[in-house]
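Structure first, commentary second.
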Amino acid sequence: MSTITLTLPDQSTLTVPRGTTALEVAESLGPRLAQAAVVAELNGQLRDLNLPLTEDGQLRLLTGETPEGHEVLLHSTAHLMAQAVKELFPEAKVTIGPAIENRFYYDFDIDGTFSEEDLRQIETRMKELAKRNYPVHRKELSRAEALELFRSMNESYKVEILEDIPDGETISAYEQGDFIDLCRGPHVPATGKIKYFKLLDSSGAYWRGDERNKMLQRIYGTVFATKDGLKGYLRQLEEAKKRDHRKLGKELELFTFDEEVGPGLPLWLPNGAVMVEELEALAKETERKAGYVRVRTPHLTKGQLYERSGHLEHYRDSMYPAMDVDGIEYYVKPMNCPHHHKIYASSPRSYRDLPLRLAEYGTCYRYEKSGQLFGLMRVRSMQMNDAHIYCTHEQFKEEFLAVCRMYLYYFDIFGIEKYEMRLSLHDPADLGGKYINEPELWLQTEQAVREALQEGDLNYVEIPGEAAFYGPKIDVQVWSAIGREFTLATNQVDFAIPARFDLTYTDEQGREQTPLCIHRAPLGTHERFIGFLIEHFGGDFPLWLAPVQVAILPISEKSHAYAKTLEQRLFAENIRVQLDLRPDKIGAKIRQAELKRIPVMLVVGEREAEQQTVSLRRRFEGDLGTQSVEDVTALLTDEIKHRRRPHRKIR
RNA sequence: GCCUACGUAGCUCAGUCGGUAGAGCACUUCCUUGGUAAGGAAGAGGUCACCGGUUCAAGUCCGGUCGUAGGCUCCA
């Protein structure tokens, strides 16, 4: 009998008979590994544990706790769910059921919808099927066999998928008990590997994501290799719910929506407006130091401008319809760029004027489809931390790098530890079509952006074929303290618009040149950014950003007079104070201030009044004892001035 | 925009079979004058999202509109 030699991750080698399965290898290495393994990787290729090994190679046995293993586990659980659904709803047709991050889903074509009761039943059935520990078999089929099989089962969606699989590709199906599903695999060797799962929710989803297609019913679920993994994930979902910006926005009275004002049009309440103003102050200060100048532009503009900019051509669906003014069509502005271009064009520019950096917290209105509105994250009116940098080709890289550094500066202030810049590049095959036909300029600019990202030591990935039609685009993804992902902002390099607007400058030789334009918005929009901050900080904002910074809590009426003089002293230091004169006991006042997430509490009674001191209490730190008013104000003003983050870990 | 679910006091939520609306918190007043996460009592607060229909009778059943949410698609 011939043998094969396998090299394990620790570089030890193992010689086994040809045809041994990876599962058998795992068993020989130890029952715990065999128990935990869900999939094998041979020479970098994932494959089923129960397939015979026929060649030498590097073998890894992956448990459900590895990223690859977890994905397989998720995918296999989707199959298990489909099996349960087919048993309970035989008329349901299966479609697709992939793994996504930490979750899986499966789409079914079924009359009606799945109720919560249905989900409970499906979950119970899944538990039974898992317990029966059906072996999961891979079957390779010819196209004809596969078509016949799925036609006979009346699985028309699978037939449609089969028809799209290119010739020459291996067609495989996976079978467990009575259930068989077209699938590339790999899968766990038996349903008993699936232990810690939960169905999460159901919703509609179009077949192939196309709204012209039939609406299918999607069920989402999750699975983990360990009980703790599942519990941890469910806890994280709970935590995310508690930090939901819509919930906290209400509780902390930051913003509201009103039916009569309109959907997607937030009203900033006084507390929220404080945050808006603090963010603007930060942006203004940062941009002034970085050589930006501020401009202001109107909310309304003639359609003509948007014809020139190309917005009416490319962007009309996202714009509010025109209004007729004296027979001329006017639009509310969806973007600030055309106005900034007009400001650039308002006077002749010399190379000496460049780079020209025009900044504005511009108000924009975009007609978002009703179904995509979402709290503050997707709205119809927004204020953007916008700026356009007009520069020469030579200046481009340095300007772009400076923008990147500004991002890092902000990330540090807000304690954003995880971020990713996604550099979207053009596809040379699409030049002249999807992309403006400037091959040299594309390559040159993309290279300059790449170099800037590298020099700035920024974390970035490249995505081919996703650029805007007029230049490369950099999307900035950030992750909040609880790991939720947000698209914070988009930077774009623009070589088309300056030409559309006839923007020029005179170079050293007196020749007319076209500048490059960088669109940038590091703080995104107030709406989305504050939405992000609410969830990131869980409502516990750094002192400089907190709507109410200090609560003054008199012990009893006897110290009201002193509390009032204290309030005046803090006002004089520009500290945002709230004085609690309600006839409650001190414990109740503290509780109220804690619930409102006021970072600093000053408890004052007769002792403090006599000594001109305060008793300092901070959130997450508790009672910090008696201190002089001078010391406390100095401490607070310093913390505010330097925009320090909260002392505690955010998580 | 599409599918589904939901909409009751400022907030969180009860409200059974269709019989004219309830709690807790917050609010107001009074008592209490207190020492680091809820002192006590009383009061006020509602066009049950809106419009229409069925019915002797609608928060409840039916239809429509508006709004919100979870998805699909798109995006700051």
Side-chain angles (χ1 to χ4, degrees), chain A residues 105 107 112-116 200-220 244 246-247 250-251 253 256-265 315 317-318 334-336 362 364 366-386 473 475-477 486-492 519-529 531-532 551 553-560 582-596 601-608 615-619 621-626:
Chain A
Y105 66 83
D107 288 347
T113 57
F114 292 112
S115 65
E116 282 185 29
L200 298 171
D201 43 27
S202 67
S203 64
Y206 299 104
W207 168 235
R208 300 199 153 159
D210 189 329
E211 64 186 22
R212 288 165 301 192
N213 288 341
K214 181 158 188 197
M215 174 75 61
L216 307 170
Q217 292 303 314
R218 173 173 297 182
I219 304 180
Y220 285 95
D244 190 306
R246 294 163 300 184
K247 181 172 141 68
K250 217 176 253 177
E251 283 172 15
E253 297 172 88
T256 189
F257 290 91
D258 186 284
E259 278 194 31
E260 275 190 287
V261 174
L265 303 171
Y315 204 73
D317 287 350
S318 302
M335 286 180 178
N336 306 302
C364 297
R366 298 184 185 174
Y367 176 74
E368 300 287 353
K369 289 195 265 176
S370 62
Q372 32 200 49
L373 299 174
F374 173 69
L376 280 183
M377 297 297 184
R378 262 317 255 292
V379 290
R380 286 177 171 169
S381 74
M382 69 210 81
Q383 246 183 306
M384 210 186 301
N385 172 223
D386 215 354
K473 173 175 95 161
D475 287 316
V476 183
Q477 299 296 114
F486 295 82
T487 301
L488 181 66
T490 300
N491 293 347
Q492 287 163 353
H519 306 234
R520 44 110 279 175
L523 298 179
T525 61
H526 281 318
E527 288 71 20
R528 187 172 285 185
F529 196 66
F532 165 78
L553 311 177
I555 300 269
S556 76
E557 267 174 44
K558 290 176 191 156
S559 34
H560 279 191
R582 291 174 307 177
D584 284 325
K585 287 169 79 169
I586 193 63
K589 290 183 185 183
I590 286 170
R591 184 179 145 81
Q592 274 310 309
E594 292 276 358
L595 288 176
K596 290 289 178 191
M601 285 154 261
L602 301 179
V603 176
V604 291
E606 289 171 278
R607 280 206 301 273
E608 287 78 8
S615 171
L616 176 64
R617 178 188 166 102
R618 297 198 64 153
R619 245 172 100 64
E621 293 178 72
D623 189 352
L624 298 172
T626 303

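Basis for what follows: all heavy atoms, side chains included, without hydrogens, waters or symmetry-related copies. This one's a predicted model, so the numbers in the text were calculated from it and none came from an experiment. Proteins come first, then strands; the chains are lettered A, B, ... in the order of their sequence lines, and each starts at number 1.
Contact record, Y315(A) with P334(A): CE2-CB, 3.9 Å, taken as the closest heavy-atom pair. Shown here for N336(A) and M384(A), the closest heavy-atom pair between the two residues is ND2-CB, 4.3 Å. In terms of heavy-atom proximity, H560(A) sits nearest to S556(A) at CD2-O, 3.5 Å.
For T490(A), the side-chain hydrogen bond (donor to acceptor under 3.5 Å, both in side chains) partners are D475(A), not counting sequence neighbours. Residues meeting the salt bridge (Lys or Arg N to Asp or Glu O under 4.0 Å) test with E606(A), sequence neighbours left out: none. Shown here are the side-chain hydrogen bond (donor to acceptor under 3.5 Å, both in side chains) partners of K247(A), two or more places apart in sequence or in another chain: E251(A). Residues forming a side chain to side chain contact (heavy atoms under 4.5 Å, CB included) with D317(A) (at least two apart in sequence, or on another chain): none. D623(A) pairs by the side chain to side chain contact (heavy atoms under 4.5 Å, CB included) definition with S615(A), not counting sequence neighbours. Evaluation of the side-chain hydrogen bond (donor to acceptor under 3.5 Å, both in side chains) rule for D107(A) yields R218(A) as partners, not counting sequence neighbours. In this structure D201(A) satisfies the salt bridge (Lys or Arg N to Asp or Glu O under 4.0 Å) test with no other residue, sequence neighbours excluded. Among residues two or more places apart in sequence or in another chain, the side-chain hydrogen bond (donor to acceptor under 3.5 Å, both in side chains) test is passed with R582(A) by D580(A).
Distance H526(A) NE2 to A76(B) C1': 13 Å, rounded to the nearest Å. In this structure, K585(A) places its NZ atom 7 Å from P of G35(B), rounding to the nearest Å. Atom CH2 in W207(A) sits about 20 Å away from atom P in C3(B), given to the nearest Å. Atom-to-atom, CE of M377(A) to C1' of C75(B) comes out at 13 Å; the value is rounded to the nearest Å. One atom, CZ of R618(A), and another, C1' of A37(B), lie 18 Å apart when rounded to the nearest Å. The nearest whole Å value for the distance from the NZ atom in K369(A) to the P atom in G71(B) is 17 Å. Atom pair M382(A):CE and C75(B):P shows a separation of 14 Å (rounding to whole Å applied). Whole-Å rounding puts the E260(A) CD to C50(B) P distance at 12 Å.
Which of G70(B), C2(B), A37(B) sits closest to the side chain of R617(A) comes down to A37(B). The side chain of R528(A) sits closest to A76(B) out of A76(B), C72(B), U33(B). If you check A37(B), U33(B), G70(B) against the side chain of E594(A), the one that comes closest is A37(B). Each of C75(B), G70(B), G71(B) was ranked by its minimum atom distance to the side chain of R378(A); first place goes to C75(B). Among the nucleotides A76(B), G34(B), A38(B), the one closest to any side-chain atom of E368(A) is A76(B). Closest to the L595(A) side chain, of the nucleotides G34(B), A37(B), G71(B), is A37(B).
The backbone N or O of P554(A) lies less than 3.5 Å from a partner atom in the side chain of K589(A), making a donor-acceptor pair. In this structure a side-chain-to-backbone donor-acceptor pair under 3.5 Å is present from R619(A) to E594(A). The main-chain N or O of G605(A) is found under 3.5 Å from a side-chain atom of E608(A) such that the two form a donor-acceptor pair.
Within the 4.0 Å cut-off from OP1 or OP2 of U12(B), at least one side-chain nitrogen or oxygen of K250(A) is found. Between Y220(A) and C72(B) there is a side-chain N or O to OP1 or OP2 distance below 4.0 Å. For the pair R218(A) and C72(B), the criterion of a side-chain N or O lying under 4.0 Å from OP1 or OP2 is met. The shortest distance between the side-chain N/O atoms of R208(A) and the OP1/OP2 oxygens of C72(B) is not below 4.0 Å. A sub-4.0 Å separation between OP1 or OP2 of G34(B) and a side-chain N or O of K558(A) is present.
Counting non-hydrogen atoms under 4.0 angstrom, K589(A) reaches nothing in the nucleic acid. When heavy atoms are screened at a 4.0 angstrom cut-off, E253(A) is found touching no nucleic acid atom at all. Here A489(A) lies in heavy-atom contact (under 4.0 Å) with sugar-phosphate atoms only. Among the atoms of the strands shown, none is found under 4.0 Å from any heavy atom of E251(A). Residue-level contact check: T490(A) touches the backbone only, with heavy atoms under 4.0 Å from sugar-phosphate atoms and none from bases. In this structure, L553(A) reaches neither bases nor backbone, as no heavy-atom distance under 4.0 Å exists between it and the strands shown. Across all strands shown, G587(A) has heavy atoms under 4.0 Å from sugar-phosphate atoms exclusively, and none from any base. Among the protein residues, Y367(A) comes within range of the sugar-phosphate backbone only, with heavy atoms under 4.0 Å from sugar or phosphate atoms but none that close to a base. Within 4.0 Å (heavy atoms only), I586(A) reaches sugar-phosphate atoms of the nucleic acid but no base atom. Within 4.0 Å of Q477(A), counting heavy atoms only, lies no atom of the nucleic acid at all. At the heavy-atom level, M384(A) lies nowhere under 4.0 Å from the strands shown.
G70(B) sits 40 Å from U28(B) when the C1' atoms are compared, rounded to a whole Å. For the P atoms, the distance linking G10(B) with G45(B) amounts to 12 Å, nearest Å. Comparing the C1' positions of C62(B) and U55(B) gives an interatomic distance of 12 Å, to the nearest angstrom. The separation of G59(B) from G18(B), taken at their C1' atoms, amounts to 10 Å, rounded to a whole angstrom.
Mapping E608(A) and Q217(A) onto RNA chain B by nearest heavy atom places Q217(A) at the nucleotide closer to the 5' end. Comparing R366(A) and R607(A) by the nucleotide of RNA chain B whose heavy atom lies nearest to each, the residue mapping closer to the 5' end is R607(A).
Consecutive Watson-Crick or G-U pairing (both distances under 3.5 Å) extending over three or more pairs maps onto RNA chain B as B:1-7 with B:66-72, B:10-13 with B:22-25, B:27-31 with B:39-43, B:49-53 with B:61-65.
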5' to 3', nucleotides 64-69 of chain B under a 4.0 Å protein heavy-atom cut-off (B base, S sugar-phosphate only, - none) gives --SSSS
Dump every N/O contact between nucleotides 25-29 of chain B and the protein below 3.5 Å, one line per pair.
residue	atom	partner	partner atom	Å
C27(B)	OP1	R582(A)	NH1	3.1

Show me the donor-acceptor pairs, under 3.5 Å and distance only, between side chains in residues 372-383 of chain A and residues at least two apart or in other chains.
residue	atom	partner	partner atom	Å
Q372(A)	NE2	E368(A)	OE1	3.2
R378(A)	NH2	E368(A)	OE1	2.9
R380(A)	NE	E368(A)	O	2.9
R380(A)	NH2	E368(A)	O	2.7
Q383(A)	NE2	Y361(A)	O	3.1

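Contact of Y206(A) with C2(B) (side chain to base): a donor-acceptor pair of N or O atoms is detected under 3.5 Å.
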